Participant: 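What follows is a structure written as structure tokens; I'll ask about it next.
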Amino acid sequence: MPELPEVETVRRMLERHVTGRRIAAVEVSGAALRGVVPRRVHECAAGRVIQGVGRHGKFLFIGLEGGWTLLSHLGMSGRWLFHARPPADPPPHVHVRMRFEDGCELWYEDPRRFGALRAVETSRLAADPSVAALGPDPVHDPPTGARLAAAARGLRVAVKNFLLDQRRLAGVGNIYASEALHRAGVDPRRRAGALTAREWDAVAREVVAVLRAAIERMGTTFSMYRTLWGEPGGYGNHLRVYDREGAPCRRCRTPIRRIVQGQRSTYFCPSCQSAGRSRSRTPRKDRKLKSRRRTAGQGKPRTGA
DNA sequence: ATCCTATCCTGTAGGC
DNA sequence: TGCCTACAGGATAGGA
């Protein structure tokens with residue numbers, strides 16, 4: 001759901017619209033978020049100016065003056081929403097309301113409460129256990145095939161699950177793991193330790209490519225993710241395999257398959273992602289039928305309208 | 001150490 | 001129409 005491109009989209013919007021604002025008051029609901037310490041968030045944020053917003057993987061860092069940082073993870077259903085003119089009655093599941101001096105408000109909404117929010121001292125941010133465990137961010141520090149191959153050496157876990165492991169690479173989630181492997185032409189069931197150098201090169205390249213392409217379109221709204229303004233992301237129409245079970249592969253028209261790996265859905269093309277060899281990057285010759293896509297199972301990016 | 005499973009949680013979709 | 005159940009998956013704890 002919110003993966004790196006969605007979190008980056010929110011980061012950019014926060015950076016632009018809340019940096020420099022002073023938090024006049026913070027209202028925190030009692031609801032338990034994962035690892036949240038509401039009172040501490042309240043005490044650390046109230047009265048301080050937001051100095052900038054950073055990100056590593058799926059974590060957001062909202063930097064405050066005075067040496068404090070709000071560490072935010074959106075989990076499955078978390079959203080930061082900015083209101084220039086806050087509605088009178090907020091929807092349910094708004095757990096944090098920050099009011100700025102000029103009356104604007106920033107809300108944290110999270111129906112499933114898988115998200116996390118806590119205040120940490122900025123000097124100790126890198127040492128925070130959940131941050132310290134993260135691998136490199138693929139957008140800040142693009143991986144090479146050689147590096148991924150070295151990290152995967154000897155591992156028997158499926159390459160799909162390897163990509164989901166935040167200790168190896170921080171920010172790839174279920175949607176983009178499937179997408180990157182399809183783009184790279186690698187079967188998601190292959191053991192990570194068994195990929196060739198050439199395959200790792202393709203995976204490294206396509207992970208970065210799909211994340212960047214999704215960032216450009218403000219992420220993928222599969223169900224709940226929204227931007228700071230409550231808008232859905234625009235990358236859903238560009239997904240090649242995710243949530244397209246039975247629909248024709250956009251490259252070869254073979255029906256997309258869905259399997260379950262580690263209790264999560266994986267989508268792939270059994271033809272393009274054949275076990276054993278990575279496909280060439282030769283452009284398609286037959287581009288005859290391409291306007292009759294728009295298949296069933298194309299997610300439900302309810303625009304809310 | 002690696003790998004796998006269950007757990008948290010609620011909105012939504014599908015079946016009857 | 002409405003109730004009921006299954007399903008979706010981020011991180012993490014705990015077991016093998």
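None of the values given here were measured: they were computed from a predicted structure. Proteins get letters first, then strands, A, B, ... in listed order; numbering begins at 1 in each.
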Participant: If you check every side-chain atom of A/Arg112, which of C/dA8, B/dG11, B/dC8 has the closest atom?
Facilitator: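 The nucleotide sitting nearest to the side chain is C/dA8.
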Participant: Please state how far atom CG in A/Leu164 lies from atom C1' in C/dA8, giving the value in whole angstrom units.
Facilitator: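 So the two atoms are 14 Å apart, to the nearest Å.
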Participant: Look at the side chain of A/Leu155 and decide which nucleotide, out of B/dC3, C/dA8, B/dC8, has an atom nearest to it.
Facilitator: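 It is B/dC3.
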Participant: What integer distance in Å separates A/His95:NE2 from B/dC9:P?
Facilitator: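 Spelled out: NE2 on A/His95 to P on B/dC9 is 11 Å.
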Participant: If you only use heavy atoms from C-beta on, which nucleotide in C/dG9, B/dT10, B/dC3 is closest to the side chain of A/Tyr242?
Facilitator: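 Of the candidates, C/dG9 comes closest.
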Participant: Do A/Arg113 and C/dG10 have a side chain to base donor-acceptor pair shorter than 3.5 Å?
Facilitator: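 Checked by distance alone, the answer is no.
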Participant: Are A/Glu6 and A/Tyr235 linked by a side-chain donor-acceptor pair shorter than 3.5 Å?
Facilitator: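 Side-chain D/A pair, A/Glu6 to A/Tyr235: absent.
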Participant: With respect to the phosphate group of C/dA8, does any side-chain polar atom (N or O) of A/Ser265 fall under 4.0 Å of OP1 or OP2?
Facilitator: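 For C/dA8, OP1 or OP2 has a side-chain N or O of A/Ser265 closer than 4.0 Å.
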Participant: Is there a donor and acceptor pair closer than 3.5 Å between the side chain of A/Gln263 and the base of B/dA6?
Facilitator: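 Counting by modelled atom types and ignoring angles, a donor-acceptor contact under 3.5 Å is found here.
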Participant: Could you state the OH-P distance from A/Tyr267 to C/dC7, rounded to the nearest angstrom?
Facilitator: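 It is 12 Å, rounded to the nearest whole Å.
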Participant: Among side-chain atoms of A/Thr144 and A/Arg205, is any donor-acceptor pair under 3.5 angstrom?
Facilitator: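 There is no such pair between these side chains.
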Participant: Any luck finding a side-chain donor-acceptor pair between A/Thr227 and A/Thr9 under 3.5 Å?
Facilitator: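 No, A/Thr9 and A/Thr227 have no side-chain donor paired with an acceptor closer than 3.5 Å.
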Participant: Looking at the side chain of A/His73, which of B/dG11, C/dA11, B/dC3 is the nearest nucleotide?
Facilitator: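 Ranking B/dG11, C/dA11, B/dC3 by closest atom to the A/His73 side chain puts C/dA11 first.
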Participant: Figure out the CD/P separation between A/Gln261 and C/dA8, and round it to whole Å.
Facilitator: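 The answer, rounded to whole Å, is 14 Å.
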Participant: Let me know, please, whether A/Gly154 or A/Arg264 comes out on the 5' side of the other along DNA chain B by nearest nucleotide.
Facilitator: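 Checking each residue's closest nucleotide, the 5'-ward one belongs to A/Gly154.
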Participant: C/dA11 P sits how many Å from A/Met76 CE, rounded?
Facilitator: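 One finds 10 Å between P of C/dA11 and CE of A/Met76, rounded.
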Participant: Side chains of A/Trp68 and A/Thr122: donor-acceptor distance under 3.5 Å anywhere?
Facilitator: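 No.
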Participant: Would you tell me whether A/Thr220 and A/Tyr176 have side-chain atoms, one donor and one acceptor, within less than 3.5 Å of each other?
Facilitator: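 Yes, a side-chain donor-acceptor pair sits under 3.5 Å.
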Participant: If the cut-off is 4.0 Å, is A/His93 near the phosphate of B/dG11, judged by side-chain N/O to OP1 or OP2?
Facilitator: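 Yes.
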Participant: Can you check the A/Tyr176 OH to C/dG10 C1' distance for me, whole Å?
Facilitator: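 Checked: the OH to C1' distance equals 15 Å.
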Participant: Select one nucleotide: of C/dT12, C/dG10, B/dC4, the one nearest the side-chain heavy atoms of A/Val157.
Facilitator: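 Of the options given, the side chain of A/Val157 lies nearest B/dC4.
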Participant: What is the separation between atom CG on A/Asp165 and atom P on C/dA11, rounded to the nearest whole Å?
Facilitator: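 Rounded to the whole Å, the gap is 10 Å.
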Participant: What is the distance from CZ of A/Arg79 to C1' of B/dC9, rounded to the nearest Å?
Facilitator: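 Spelled out: CZ on A/Arg79 to C1' on B/dC9 is 15 Å.
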Participant: What contact category does A/Arg258 fall into here, base, sugar-phosphate, or nothing, at under 4.0 angstrom with non-hydrogen atoms?
Facilitator: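 Answer is sugar-phosphate: A/Arg258 comes under 4.0 Å of backbone atoms only.
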Participant: Once you apply the 3.5 Å cut-off to both distances, tell me the Watson-Crick or G-U wobble partner of B/dA1, or none.
Facilitator: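 None - no nucleotide pairs with B/dA1, as no candidate has both distances under 3.5 Å.
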